[in-house]
Amino acid sequence: MKRNWKKATICVQGGYDPKAGEPRVLPIYQSTTYKYDDPGRLADIFDLKEEGHMYSRISNPTVAAFEEKINQLEGGVGGLATSSGQAAITIAILNICTKGQHILATSTLYGGTHTLLSTTLKKYGIEVTFVEPNLDIEEILSYAKPNTRAVYTETIGNPALNVLDFEKYSTIAKILDVPLIVDNTFPTPYLCQPFKYGANIVVHSATKYIDGHANNVGGVIVDGGNFNWDNGKYPELTEPDESYHGIRYYEQFKEKAYITKARSQLLRDIGCTLSPFNAFMLNLGTETLHLRMERHSENALKLAEYLKGHEKVSWVNYPKLKEHPDYELSKKYLPLGGSGVLTFGIKGGKDVAEKFMRNLELVSLVVHLGDVRTSVLHPASTTHRQLNTEELKKSGISEDMIRVSVGIENIEDIIQDFERAFSLV
Ligand SMILES: *Cc1c(COP(=O)(O)O)cnc(C)c1O
C-alpha cells in the first residue's frame, strides 16, 4: 500500500495495483466463486487464518479494490462495501449494538437514517435518543444511558446543513467510552476525513458523490481502527463468536476487529453485498471525486451568493456563507469546500416552491443528490415525508425549503435557469 499519496492520487490510483502484464484498469471480476487446489488452504480462509476470496457474498476482488480505495482516502484500517448506504448504516450499528441497548444520535439526520433508527431498529429492541446537535456537552451526556453503545451523527446534516462539531462529539463519545460513528456522505473523504477529528467509524452512501453520476446505489463502512473494544461493553468483539467456531475478533484481529466481524458475520448473514459491476462503477466515479468535489463546492458557493441577493428568496443556507451559524466549524473541518448541497426558502411558501420547481428547465426535480447534474427537491413532501411537524422542525426542515444539489455544469447556465424560474412564479 502506498501510504504517502495525496488524496487526488488515491482517487485515481488507490486500491488497485496491477503487476506486469495484468490489466491496467480494475477489471470486473464477475465471478461468484474462486478456484482452489488445496482443501487445507480453503479451510484456512474459512477460519480467517489466511486472506483470500471464497464466495462473492463475502468478498470479491473488484469490490475489494473499491473498498481499499475508500479506506485509503479516509485513512482507516479497512473498508466494507455494501449494496446501499442504508445497508452500511444498518451493519455499522448492528455490528456493536443489540437488543436492550441504546444509541445517542443527532436529530438532524438524513430522513432514511432517522426512520431506520426510530422505527426499524426500535422494533428489534434497540433504543435511540435524538438530541439537538447544538446542545452543550453536559446536556447531551444527560441523555446517555449505561447501555449506550454508540454516538451516531453526520459530518454535514441532511438537509439542515449543520456542520458537525467534531471536538464536542468526539469528547462525548470518549467520556461515554463508545465509538463515534459518522456519516460522511456529504463531504466525502476528499473534503473531510473524520478519523482525523476523533471519529471511530465512518459510513457512506456511495450512491451520492462517490458514484457522482446517479448510476449506482452503494454504501461503504470504514473502520478507523482507533477504538479500544476491550472495555467490557462489546462482548461480541472480545468473547468467542459461536457462529464462527469460537473466534475472538479483538484477540485475533486487534485494530481490525470491528471491520472483520462486520464482514465475516453480518455481511455473511444478511447478504447486502455490493455487486462487482457496481463496485467497478463506483471506483470509476471515485477516479474523478477530487475534481468533482472542488467544482460542486465552487458552484454551490456561487449559487448561494446569487440566491442571497435575490428578492424572491427569504433565506439561504450553505455552510460556506459567512453568516451560516456553523461557518467557523466549516472553516475548521471543511477547508477545501462545503460540498454541493444548499437549501433556501422561497417567499410564498410551499405553493410558490412547487411553481418554481415546475419552471426549471436545465435543473431537474429528482430524489437524489451528489450527481454531476444540478437538481432540486422539496424535502418536506418527499425525503422527510415520514416525519411529523415536530420531527420536521427538529430535523431543520421548513415547508418553504428547497434543497439544491448543485452540479458541475457551467455556473452561469445554472444561475440563468434559476433566474428564469423565479421570473415566472
Ligand atoms: C442517501 C443517504 C443515505 C442513504 O444511502 P442510500 O445509498 O440511498 O441507501 C444515508 N445518509 C445520507 C447522508 C444520505 O444522503
Side-chain angles (χ1 to χ4, degrees), residues 63 66-67 70 74 79-94 103 105-121 128 130 133 152-164 181-192 194 199 201-222 267 270-275 278-279 281-282 285-286 289 293 296 300 319 334 338-343 366-371 375-377 379 382-387 395-397 401 403-406:
V63 179
F66 169 64
E67 290 168 335
I70 302 300
E74 288 287 7
L80 174 73
T82 55
S83 54
S84 70
Q86 289 298 108
I89 296 165
T90 305
I91 286 196
I93 291 172
L94 294 184
I103 294 164
T106 46
S107 60
T108 48
L109 298 177
Y110 167 69
T113 308
H114 194 283
T115 311
L116 167 69
L117 299 183
S118 66
T119 310
T120 302
L121 290 188
V128 182
F130 294 98
Y152 186 93
T153 187
E154 294 173 353
T155 313
I156 301 179
N158 176 3
L161 306 182
N162 51 313
V163 180
L164 181 66
I181 306 178
V182 177
D183 182 333
N184 198 33
T185 299
F186 270 39
T188 80
Y190 186 68
L191 298 180
C192 180
I201 307 294
V202 160
V203 290
H204 282 284
S205 167
T207 317
K208 311 295 166 55
Y209 290 106
I210 287 177
D211 176 88
H213 301 75
N215 293 133
N216 306 275
V217 177
V220 193
I221 306 172
V222 186
L267 191 68
I270 298 171
C272 45
T273 307
L274 187 69
S275 77
N278 281 30
M281 295 287 284
L282 291 172
T286 313
L289 181 68
M293 292 320 289
H296 279 296
L334 303 164
S339 195
V341 180
L342 64 82
T343 57
V366 301
V367 180
H368 194 48
L369 64 88
D371 185 11
S375 62
V376 292
L377 177 86
T382 54
T383 50
H384 289 67
R385 199 179 172 79
Q386 270 75 10
L387 274 57
S395 302
I397 295 162
M401 175 195 276
R403 188 186 77 188
V404 189
S405 170
V406 187

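Basis for what follows: all heavy atoms, side chains included, without hydrogens, waters or symmetry-related copies. Both ligands and their constituent atoms are indexed starting at 1 by order of listing.
- Across Thr106, Asn162, Thr108, a single residue satisfies side-chain hydrogen bond (donor to acceptor under 3.5 Å, both in side chains) together with Thr153, and that is Thr106.
- For ligand 1 and Asn158, the ligand atoms under 4.0 Å from any heavy atom of the residue are 15 (O).
- Between atom 11 (N) of ligand 1 and the options Asp183, Leu116, Thr113, the minimum heavy-atom separation is to Asp183.
- Distance from atom 7 (O) of ligand 1 to its nearest protein heavy atom, with residue and atom name: Thr207 OG1, 2.6 Å.
- The shortest contact between atom 8 (O) of ligand 1 and any protein heavy atom is with Ser205 OG, 4.1 Å.
- In terms of polar-atom proximity, defined here as any N/O pair under 3.5 Å, Gly85 does make such a contact with ligand 1.
- Side-chain contact check for Asn278 versus Phe66: every heavy-atom pair is 4.5 Å or farther apart.
- The nearest protein atom to atom 9 (O) of ligand 1, hydrogens excluded, is given as Gln86 N, 2.9 Å; this is a heavy-atom distance.
- Set against the non-hydrogen atoms of Phe186, the atoms of ligand 1 under 4.0 Å away are 15 (O).
- Taking the side chain as every heavy atom from C-beta outward, Asn184 and Cys192 approach each other to under 4.5 Å.
- Considering only non-hydrogen protein atoms, atom 15 (O) of ligand 1 sits nearest to Lys208 NZ, 2.7 Å.
- Listed by number with element, the atoms of ligand 1 under 4.0 Å from a non-hydrogen atom of Ile89 are 10 (C).
- Residues Thr185 and Glu154 form no side-chain contact, since every pair of their non-hydrogen atoms from C-beta on lies 4.5 Å or further apart.
- Rounded to the nearest 0.5 Å, atoms OH (Tyr152) and CG (Asp183) are 4.0 Å apart.
- The closest side-chain heavy-atom distance from Leu282 to Leu274 is below 4.5 Å.
- Within the 4.5 Å cutoff, the side chain of Thr286 has heavy atoms near those of the Ile70 side chain.
- Contact annotation: for Leu109 versus ligand 1, there are no heavy atoms closer than 4.0 Å.
- Contact between Gly218 and ligand 1 is present, with at least one heavy atom of the residue lying under 4.0 Å from the ligand.
- The side-chain heavy atoms of Tyr209 and Leu289, taken from C-beta on, include a pair separated by under 4.5 Å.
- Heavy-atom contacts of Ser84 reach the following atoms of ligand 1: 7 (O), 9 (O) (cutoff under 4.0 Å).
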